[in-house]
Student: 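Got a structure here, written out as C-alpha cells. Questions coming.
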There are 2 protein chains.
Amino acid sequence: MQSARVLSIGEFSRLTHLSVRTLRRYHDAGLLEPARVDAASGYRYYTGEQIPTAQVIHRLRELDVPLTDVQRILRSSDPGTRAALVADHLHRLESGLERTRAAVASLRRLLQPEPAAVDVELRRVPATTVAAVEDDVQLRDVLGWYAGAMAELDAVVPEPAGVPGGVYENELFETGRGHVLVHLPVAGPPSSGRVHPVTLPAVELAVTTHVGTHDDIDVTYGELGAWVVEHLLAVAGPVRETYLVGPRDTADPAAWRTEIGWPVFQVAPA
Amino acid sequence: MQSARVLSIGEFSRLTHLSVRTLRRYHDAGLLEPARVDAASGYRYYTGEQIPTAQVIHRLRELDVPLTDVQRILRSSDPGTRAALVADHLHRLESGLERTRAAVASLRRLLQPEPAAVDVELRRVPATTVAAVEDDVQLRDVLGWYAGAMAELDAVVPEPAGVPGGVYENELFETGRGHVLVHLPVAGPPSSGRVHPVTLPAVELAVTTHVGTHDDIDVTYGELGAWVVEHLLAVAGPVRETYLVGPRDTADPAAWRTEIGWPVFQVAPA
DNA sequence: TCTGCACCCTCCCCCCGGGGGAGGGTGCAG
DNA sequence: CTGCACCCTCCCCCGGGGGGAGGGTGCAGA
C-alpha cells in the first residue's frame, strides 16, 4: 500500500475532470472530504482511492441528481440500498423524459399555422351526488394519485352509472399543489376507505371536448379559456373533466375523448 | 371583435396555468407584455388573444429553453425561422438525451461491485511528426469538431501510415474549453487547409486500452489515473488517445479499442 | 357612500450548482 | 532566496423561479 502519494487539488482535478472550484464546493457540502486538510494553510490533499468516488459524483451530477441525494447515495454503505436509490433517480429521469415528449407534442400542436376552430358549448349542470375520492396533491403526483384513487373507486363501485370524472382546483395549476377529486356517478354512493359520497354543486359550464392523449390538453384548455373570455364570461370555480373515452376503454390514445368543463358566470361588458 | 374583455393577472394566471409571479417575471423580461398596464396602479391587464402566446412560452420553458431564446422564437415573425429555431432546440434536447444515456451507461460500470483490474503499461514514445488539425474548442463541441477535422485529414492523407489519434489539453476537462489536436501518422505530412505537420514531443506514457463506446471512457481515465498515482507518478502534459479500432473500422461500438496515454514523470516518495 | 376583503404592486432574500475575479498566503524548483 | 505556479477565502454573478413583508386598489355588499 504505497498509495500514500498525496494529490493537490489541482492534480486531483486533472485526474477526475472536476474543476477545482467544484471540488472545493463538494468539500464544503460534505460530499467529498479531502483525505487530509492542512490545518495551517487550508490546502486540500486527496488520494488515488478517492478517484472512483469523484467519478460517481460526476456521473450522478450529469444525471441532475441533487447534491443532497448524491450524498445520500454515497453514504448508504449497503449496495442494495444504493442501487435502489440510483434506480429511483433513473425512474425520475424516465418520467422527466415522458414530460418532455408530451411538451414536444403539445408544442407541435401550438405551432400549427391554422389552429382548428374550437367547439364550445354552454351547459347548465344540476347538482349531482357521486362516489368520490379526494385529496390535496402535488401537480406532478396527480397521475399516480389518480390511478390509485380510480382503482379504489372501481373496487367499491362495481357498476357505475356513467363515466368517471375529475374536479381540479385552480390552485393546483397556479401553485403546483391543490385539491383534486375523482368520481364515479352511481345511485346511492357508498362510504368505504377513501371513497365517500360527494355532492357536486350545480354550475354553468363552458364545455369542450379534447381528443387524444393528455399530452397537449393544455392547448385545449387555452382554447376554451380564450372562448370564455371572448364571450364575456369569467371562471367561477374548479375545472371539471369527464373521461368519455379513456385508458379504461381503449389502449389507443388517439381515440380518447375528454370533456373539459369550466364553471363560468356572466360579466358586465367593459 | 368584442374581446375588449380585459383580464387581471390572476384571471390570466388561471387561464394559462402560469403563476402570477412567473407572469410578472415574463413581463419584466419583455417576453409577454400585458395588453395594458395601468399607469397609476401598475396593475397588469391581459386579453384572451395572449393566451396562445403564454402557452407557447409555457411549453418552451418545459423544454428548458432559456428565456432569451424563447424571446427570440417569439420575436421571429417568419414561421420558417421560428420552426428552425424550435427544431434547433429539439436537436439540443436530443443530444442532451444522448449524454444522459452515456452517463447512465458509465454509472452502471462504476457501480459494478468488482471493477476489472486495469492493465496499464509504461511506454517511452519518441517524437513523431504527423499530419494534424488543431483548434481551441468547447468540450461539448468536441465530437462535432472531431468529425470535421478527421474528414479533412482523410481527404488530404489518402494513405496514412497508421491509426488516427488525438491530443487533449487537460484544460479542456478542467474548464470545459481547451486545445485539441487530431492527427494521422504519415511520412512527409502535407500542408493543406487546416491540415499541417506537427511534431509530437517524446514522452513517457502510462498507457491503457479502453474497450467499447466512449460513453464510459471516463471510468477508464479514472482507473488509469489511480494507477498513475499509486505508482508514484505525476501527470506531465496533455492526454493522448489512439483510436486502434473506431467507428472508421467497424459499426459495432463493442469492438472499438481506444488507447489512452497519459504523459507521466517520476515523483519522489512522500 | 363606506367598509371589508381579495387582489395587486414592488422589493428583498432564498434556493440550486456552479463561474469570475479580487486579494492574499504557500510550496517548491532554479 | 526569489519567483512563480498553485492554493486559500470571500464576494458577486447567472437563470428561473418561490416566500414573504409592507403597502396600494377595485369592487361588492351593506
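Naming convention: chains lettered A, B, ... in sequence-line order (proteins, then strands); numbering from 1 in each chain.
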Student: Select one nucleotide: of C:dC7, C:dG27, D:dT25, the one nearest the side-chain heavy atoms of B:Ser8.
Tutor: C:dC7
Student: A side-chain contact here means heavy atoms from C-beta on lying under 4.5 Å apart; do A:Gln71 and A:Tyr26 qualify?
Tutor: no
Student: Over how many whole Å does the gap from B:Tyr43 atom OH to D:dG23 atom P extend?
Tutor: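 Spelled out: OH on B:Tyr43 to P on D:dG23 is 16 Å.
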Student: Can you check the A:His27 NE2 to D:dC7 P distance for me, whole Å?
Tutor: 15 Å
Student: With Watson-Crick and G-U wobble geometry limited to distances under 3.5 Å, how should the secondary structure of DNA chain D be encoded in dot-bracket form, using | for bases paired to another strand and [ ] for crossing pairs?
Tutor: ||||||||||||||||||||||||||||||
Student: Rounding to an integer number of Å, can you tell me how far A:Tyr45 OH sits from D:dC7 P?
Tutor: 9 Å
Student: Find the distance A:Asp38:CG to C:dC28:P and express it as a whole number of Å.
Tutor: 11 Å
Student: Is any side-chain heavy atom of A:Arg36 less than 4.5 Å from a side-chain heavy atom of A:Arg44?
Tutor: no
Student: Can you tell me how the ring of A:Tyr46 sits relative to the ring of A:Phe12, calling it parallel under 30°, perpendicular over 60° and tilted otherwise?
Tutor: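 Ring orientation of A:Tyr46 relative to A:Phe12: parallel.
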Student: Under 3.5 Å, is there a donor on one side chain and an acceptor on the other for B:His179 and B:Glu171?
Tutor: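 No pair is found: no donor N or O on one side chain lies under 3.5 Å from an acceptor on the other.
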Student: At under 4.0 Å between heavy atoms, how does the protein contact nucleotides 10-20 of chain C? Give one character per nucleotide, 5' to 3', with B, S or -.
Tutor: B------SBBB
Student: Hydrogens and angles aside, do A:Arg25 and A:Ser19 bring a side-chain donor and acceptor to less than 3.5 Å of each other?
Tutor: no
Student: So, applying salt bridge (Lys or Arg N to Asp or Glu O under 4.0 Å) with B:Asp215, which one of B:Arg101, B:Arg99, B:Arg109, B:Arg108 is it?
Tutor: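 Per the salt bridge (Lys or Arg N to Asp or Glu O under 4.0 Å) rule, the option paired with B:Asp215 is B:Arg101, out of B:Arg101, B:Arg99, B:Arg109, B:Arg108.
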Student: Please check if any side-chain donor atom of B:Arg21 sits under 3.5 Å from a side-chain acceptor atom of A:Thr175, or the reverse.
Tutor: no
Student: Return the CG to CD1 distance between B:Leu32 and B:Ile57, rounded to the nearest 0.5 Å.
Tutor: 4.5 Å
Student: Atom OH of A:Tyr46 to atom P of D:dC6: distance rounded to whole Å?
Tutor: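 So the two atoms are 17 Å apart, to the nearest Å.
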